[in-house]
Amino acid sequence: MKGYEEGGRLRGLRCRHCGLITATWGLACSRCGSLELEEHELALRGKVVAYTILHVPGDEFLNDAPYAYVVVALDGGGQITGWMPTVKQESDLEIGQRVRYSSSYKPGVQFVKETDAGAGG
Amino acid sequence: MRETWVVGAASNRFGKMKESGREAATRVAMEAIRQSGLSPKDIGYTFVANAFGISEHQGHVGPLINNGLGIPEVPSATLESACSSSSAALHEAYVHVAGGFIDVALVVGVEKLSHLDTLAATSYFAVAADYAFETKNGATFPGLYATLASAYRQEFHPKDEMFGAIAVKNHANAARNPHAHFQKEISMETYLSSPMIASPLRLYDCCPFSDGASALVIAAKEFVQRPVTEPLVFRASARSGAVTDMQDRPDLLGIPSTRLAADKAFRQAKMTPKDINFLEVHDCFTIAEALALEDLGFLPKGTAAKESYEGLTARDGKLPVNPSGGLKAKGHPVSATGASQVVEIFEQFNGLAKGREVPKAEVALAHNVGATGGSCSVHIFSRR
């Protein structure tokens with residue numbers, strides 16, 4: 001399956017029929033069933049709509065815990081899940097926090113706070 | 001469609017099994033058949049659930065179970081629907097029997113994970129999430145439900161003690177259930193001082209990894225005629241799917257497949273939530289029990305944790321929920337869970353739930369979710 005991270009960009013799909021923007025792979029729209037999906041470049045910034053601080057990680061993130069797992073509503077539409085390696089405790093994050101995508105050699109879609117310095121965005 | 005019954009139901013003690021999944025599954029199946037008064041030879045099909053059998057280097061376990069029951073010629077198939085695997089098997093059994101294809105079906109759910117460490121077990125559980133779009137981005141199973149809990153808290157501002165009340169209540173029920181993994185009560189202090197696993201979920205918000213096996217015997221009324229147990233009459237057997245990924249859900253305040261399956265089930269049964277005396281719901285985490293009660297239509301959005309705190313769902317409350325102790329305290333042997341909910345309803349109907357009887361056991365509902373809601377089953381049973 002083609003990943004949605006590519007050269008510092010996030011690729012998604014847009015439904016020409018109902019307008020749904022999604023980061024999830026598919027051949028038809030998960031909302032209206034239309035087959036008219038087109039490739040769509042997702043925004044790299046957005047805000048956190050839900051999150052957790054994981055103290056017990058999955059096996060591919062063993063050395064990274066604790067970290068935040070986030071659902072981000074992207075500017076311009078679509079939501080995407082990702083993780084924030086620099087967020088270590090509950091009080092470091094709140095719903096509504098502005099974040100930006102940060103391309104990395106590590107697995108998964110990584111976000112940092114919009115105001116944080118560093119690569120990407 | 002023919003009137004269809006559950007005429008036998010058995011579970012072993014959940015927790016840590018010494019024997020293999022295949023041995024445990026065969027043993028509970030034989031016990032359920034014995035209880036039904038039927039013979040293994042009556043079985044027309046065995047529907048098995050064993051999602052993580054591969055951890056025991058064993059797939060295709062149905063023929064091994066049938067062989068152990070002395071009926072190697074009976075067809076079998078394994079169904080996988082994550083944590084709702086055995087309620088999916090139950091639905092298939094119902095369809096076969098009610099539709100007249102066979103007279104008697106056996107449903108067996110079994111899981112064994114205790115030979116794995118926590119990391120390996122957590123990773124097995126995560127297999128049911130979307131690997132490419134969730135697990136690879138750092139999600140774990142508790143993490144996904146914690147994400148739902150964070151959205152719920154942001155919207156409704158429940159106190160920690162309200163979720164604590166769900167854990168305390170389910171442990172109190174499990175303490176009276178000989179099948180349960182945790183047969184001990186916990187205090188609110190124990191709950192509140194337990195470590196964070198995936199904020200806001202503490203250790204005592206989470207169900208354990210359990211081994212366990214449950215079996216059900218499903219039969220057409222006209223085949224059984226004079227049952228030796230108080231049968232559960234199927235009033236509804238409904239399943240639904242829904243968008244799996246958190247990132248594609250229109251809101252994070254519920255499980256859409258629960259809403260869809262409940263709607264189908266209540267229409268099939270020609271009932272409303274008011275007709276239900278007690279429920280077994282899918283409480284893999286305390287937040288899941290709250291969401292279930294709201295999505296099934298028993299309580300308005302945002303009120304279930306508060307109502308639980310105020311005692312509505314206690315065993316002697318107006319709406320007893322999870323008298324078995326639920327996944328939270330009875331335990332969650334993934335593929336045995338859905339069938340074990342029906343075992344609890346069977347024991348309540350048959351006066352076998354000693355010390356944990358609900359005030360009224362005439363009509364009951366079982367609700368079983370696959371993963372974070374990619375699939376869901378709702379069954380409704382009544383007395384004859």
Side-chain angles (χ1 to χ4, degrees), chain A residues 1-5 10 12-13 20-26 29-31 42 46 48-62 64-74 78-85 87-96 106-111, chain B residues 116-127 129-155 194-203 205-206 209 241-253 256 285 287 372 374:
Chain A
M1 191 183 307
K2 199 170 171 183
Y4 46 30
E5 286 183 280
L10 294 174
L13 297 166
L20 178 79
I21 295 170
T22 177
T24 311
W25 183 88
C29 176
S30 67
R31 184 162 73 189
L42 300 169
V48 172
V49 295
Y51 74 98
T52 176
I53 310 296
L54 284 174
H55 296 268
V56 181
D59 54 1
E60 292 178 64
F61 291 81
L62 257 193
D64 298 300
Y67 59 88
Y69 177 75
V70 293
V71 181
V72 175
L74 297 168
Q79 295 192 141
I80 195 165
T81 62
W83 68 299
M84 299 180 69
V87 174
K88 298 291 185 190
Q89 53 188 344
E90 182 78 2
S91 56
D92 286 347
L93 195 62
E94 55 185 26
I95 289 177
K106 286 196 166 184
V109 174
Q110 262 186 50
F111 284 97
Chain B
L116 307 175
D117 59 25
T118 300
L119 180 66
T122 301
S123 299
Y124 265 101
F125 268 61
V127 164
D130 184 332
Y131 177 74
F133 297 98
E134 291 181 333
T135 315
K136 197 167 66 63
N137 290 334
T140 61
F141 231 72
L144 292 169
Y145 273 94
T147 305
L148 293 175
S150 90
Y152 190 91
R153 280 167 184 255
Q154 176 77 4
E155 186 75 16
S194 66
M196 278 294 174
I197 301 296
S199 70
L201 301 182
R202 298 176 162 88
L203 178 64
D205 285 302
C206 307
F209 300 120
V243 167
T244 304
D245 287 79
M246 295 284 163
Q247 64 190 22
D248 291 327
R249 296 189 186 190
D251 75 68
L252 295 174
L253 299 174
F285 302 94
I287 178 69
T372 48

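Residue numbers begin at 1 in each chain, while the letters A, B, ... track the order of the sequences.
Considering only heavy-atom pairs separated by less than 4.5 Å from chain B, the leading option among Asp59(A), Asp64(A), Val71(A) is Asp59(A). The greatest number of non-hydrogen atom pairs below 4.5 Å with chain B, out of Pro107(A), Gly58(A), Gly82(A), is found for Gly82(A). Contact count versus chain A (heavy atoms, under 4.5 Å) is highest, among Met196(B), Met246(B), Arg153(B), for Met196(B).
Taking CG of Asp245(B) as the reference point, atom OG1 of Thr22(A) lies at 7.5 Å (rounded to 0.5 Å). Separating the CG atom in Asn137(B) from the CD atom in Glu5(A) is a distance of 7.0 Å, to the nearest 0.5 Å. Here the CG-OG1 distance, from Leu54(A) to Thr147(B), works out to 7.5 Å after rounding to the nearest 0.5 Å.
At a 4.5 Å heavy-atom cutoff, Tyr124(B) makes no contact with chain A through either its backbone or its side chain. Of the atoms belonging to Leu252(B), it is side-chain heavy atoms, and not backbone ones, that fall under 4.5 Å from chain A. With a threshold of 4.5 angstrom between heavy atoms, Thr135(B) approaches chain A through N, CA, C or O but not through any side-chain atom. Contact of Ala126(B) with chain A is not made at all, since no heavy-atom distance falls under 4.5 Å. Heavy atoms of Leu62(A) lying under 4.5 Å from chain B belong exclusively to its side chain.
In this structure, the side chains of Leu144(B) and Tyr69(A) come closer than 4.5 Å at one or more pairs of heavy atoms.
In this model, a donor atom of one side chain and an acceptor atom of the other lie less than 3.5 Å apart for Thr24(A) and Asp248(B).
Shortest non-hydrogen contact noted between Ala146(B) and Thr52(A) is CB-OG1, 3.3 Å. Between Tyr131(B) and Glu60(A), the shortest heavy-atom contact is OH-OE2, 2.8 Å. Residues Trp25(A) and Phe133(B) share a closest heavy-atom pair of N-CZ, 3.4 Å. A pairwise comparison of heavy atoms in Gln247(B) and Ile80(A) identifies OE1-CA, 3.4 Å as the closest pair.
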side-chain contact (heavy atoms from CB on, under 4.5 Å) between Val56(A) and Thr140(B), intermediate numbers included
CA-CA 8 Å; Val56(A) 181; Thr140(B) 61; over 6 Å; no
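Although no hydrogens or angles enter the test, the distance criterion places no donor-acceptor pair under 3.5 Å between the side chain of Ser199(B) and the main chain of Gln89(A). Side-chain atoms of Ser150(B) do not come within 3.5 Å of backbone N or O of Ala50(A) as any donor-acceptor pair.
Qualifying side chain to side chain donor-acceptor pair (under 3.5 Å) partners for Lys88(A), counting only residues two or more places apart in sequence or in other chains: none. Scanning for salt bridge (Lys or Arg N to Asp or Glu O under 4.0 Å) contacts around Arg249(B) gives an empty result, with sequence neighbours left out.
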